[in-house]
**Q** 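Pasting a structure here, questions to come.
Whatever order the structure lists ligands and atoms in, that order sets their numbers, starting from 1. All values below were derived from every heavy atom in this structure, side-chain atoms included, with hydrogens, water molecules and symmetry-related copies excluded. Predicted model, so just to flag it, every value in this text is computed and none were measured. We count residues from 1, following the sequence as given.
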Amino acid sequence: MHNHETELEAAERRIRNIPRCGAAKLARMEESFLQLLQAIGEDPSREGLLRTPTRAARAFEFLTNGYRQSLDEVVNGAIFESDASEIILVKDIELYSLCEHHLLPFIGRAHVAYIPNGKVIGLSKVARLVDVFARRLQIQENLTVQIADALMKTLRPAGVGIVVEAKHLCMMMRGVEKQNSVMKTSCLLGTFKEDARTRSEFLSLLVGT
Ligand SMILES: [Zn+2]
């Protein structure tokens with residue numbers, strides 16, 4: 001059905017399909033953004049800002065749509081039986097989230113690995129699973145653990161290894177020290193935690209291309 005879909009069409013379809021938050025909440029967000037504009041000394045009635053509260057509310061609706069998604073819905077129909085028993089690694093999953101301290105973005109990549117125990121999950125669903133937790137207000141440490149826990153719960157694998165690397169705009173834009181530093185967090189569960197060989201294989205897979 002989506003055979004000839006372009007990247008842009010695919011992105012538009014995904015945006016259409018996100019769970020909406022409802023008119024009442026959208027209206028409250030618009031009102032809040034209007035007040036924010038006034039509070040910073042702007043004139044919300046000038047031409048460039050006329051539709052800004054509406055646009056900003058829509059953007060926040062999208063950026064927080066993880067609150068309105070359940071893990072079960074996301075992975076629904078994409079779990080398959082498998083005899084595979086080696087590390088499965090999905091590397092460089094694009095990640096966009098909002099820091100819960102400043103409501104500013106942090107942007108980076110997630111690397112998701114697991115060792116199946118009878119079940120595997122479709123590749124594209126791994127990225128969607130990351131989004132369910134990234135599209136909320138987050139701190140990177142919690143996001144990393146939540147992705148790991150979700151995978152454990154969904155697949156009951158022998159182990160899970162998650163690494164997230166991200167740059168935080170709240171640090172970069174505010175001129176906080178080490179502006180270009182990338183923050184790295186990891187969560188290792190099951191064999192990734194207990195077995196040194198699994199762990200070192202995982203780390204070497206991450207380094208390799
Ligand atoms: Zn922050």
Side-chain angles (χ1 to χ4, degrees), residues 11 14-15 18-22 24-44 48-49 51-71 74 90-113 126-153 160-189 192-193 203 206-207:
R14 282 193 296 270
I15 288 169
I18 65 146
R20 311 298 304 267
C21 70
K25 284 184 180 157
L26 213 49
R28 277 174 66 194
M29 284 198 275
E30 285 184 33
E31 179 58 29
S32 303
F33 281 116
L34 182 72
Q35 288 177 12
L36 180 67
L37 290 176
Q38 287 164 339
I40 63 175
E42 263 292 357
D43 170 12
L49 294 180
R51 295 202 62 241
T52 296
T54 306
R55 289 195 201 96
R58 288 269 161 80
F60 260 74
E61 179 189 38
F62 179 79
L63 296 175
T64 58
N65 73 63
Y67 290 116
R68 300 183 296 280
Q69 293 187 53
S70 81
L71 198 55
V74 166
V90 188
K91 233 173 114 167
D92 295 325
I93 300 168
E94 276 183 57
L95 179 135
Y96 302 93
S97 191
L98 289 176
C99 106
E100 68 183 25
H101 299 141
H102 303 93
L103 303 185
L104 288 171
F106 62 96
I107 297 170
R109 295 174 298 171
H111 314 294
V112 173
V126 176
R128 292 219 33 213
L129 186 145
V130 169
D131 279 344
V132 166
F133 297 102
R135 290 185 182 151
R136 303 176 187 208
L137 304 186
Q138 280 288 8
I139 63 170
Q140 188 178 325
E141 294 89 334
N142 292 346
L143 172 62
T144 309
V145 171
Q146 286 164 11
I147 296 168
D149 285 344
L151 212 57
M152 281 305 264
K153 190 173 157 226
V160 164
I162 311 290
V163 172
V164 172
E165 33 194 337
K167 288 188 169 188
H168 291 245
L169 264 66
C170 60
M171 291 181 70
M172 300 168 71
M173 293 178 74
R174 295 186 310 137
V176 179
E177 58 182 329
K178 297 187 180 133
Q179 297 196 28
N180 268 307
S181 62
V182 175
M183 179 168 163
K184 276 198 188 196
T185 47
S186 65
C187 181
L188 305 176
L189 300 173
F192 285 75
K193 184 176 182 176
L203 295 177
L206 279 184
V207 174

**Q** Does Glu100 have any side-chain hydrogen bond (donor to acceptor under 3.5 Å, both in side chains) partners at least two apart in sequence or in another chain, and if so, which?
**A** none
**Q** Could you tally the protein N/O/S atoms lying less than 2.8 Å away from the Zn ion (ligand 1)?
**A** 3
**Q** What verdict does the side chain to side chain contact (heavy atoms under 4.5 Å, CB included) test give for Phe192 and Ile162, after you've listed the backbone C-alpha separation in whole Å, the side-chain angles of each residue and the deciding distance to 0.1 Å?
**A** CA-CA 10 Å; Phe192 285 75; Ile162 311 290; over 6 Å; no
**Q** Quick one: do Leu98 and Gln138 satisfy side chain to side chain contact (heavy atoms under 4.5 Å, CB included)? Show the steps, please.
**A** CA-CA 6 Å; Leu98 289 176; Gln138 280 288 8; over 6 Å; no
**Q** Using the benzene-type ring in the case of Trp, are the ring centres of Phe60 and Phe33 under 6.0 Å apart?
**A** yes
**Q** Sorted by first residue and then second, give each salt bridge (charged side-chain N to carboxylate O under 4.0 Å, His left out) pair with at least one member in residues 131-149; sequence neighbours left out.
**A** Asp131-Arg135
**Q** Partners of Val163 by side chain to side chain contact (heavy atoms under 4.5 Å, CB included), sequence neighbours excluded?
**A** His111, Ser186, Phe202, Leu206
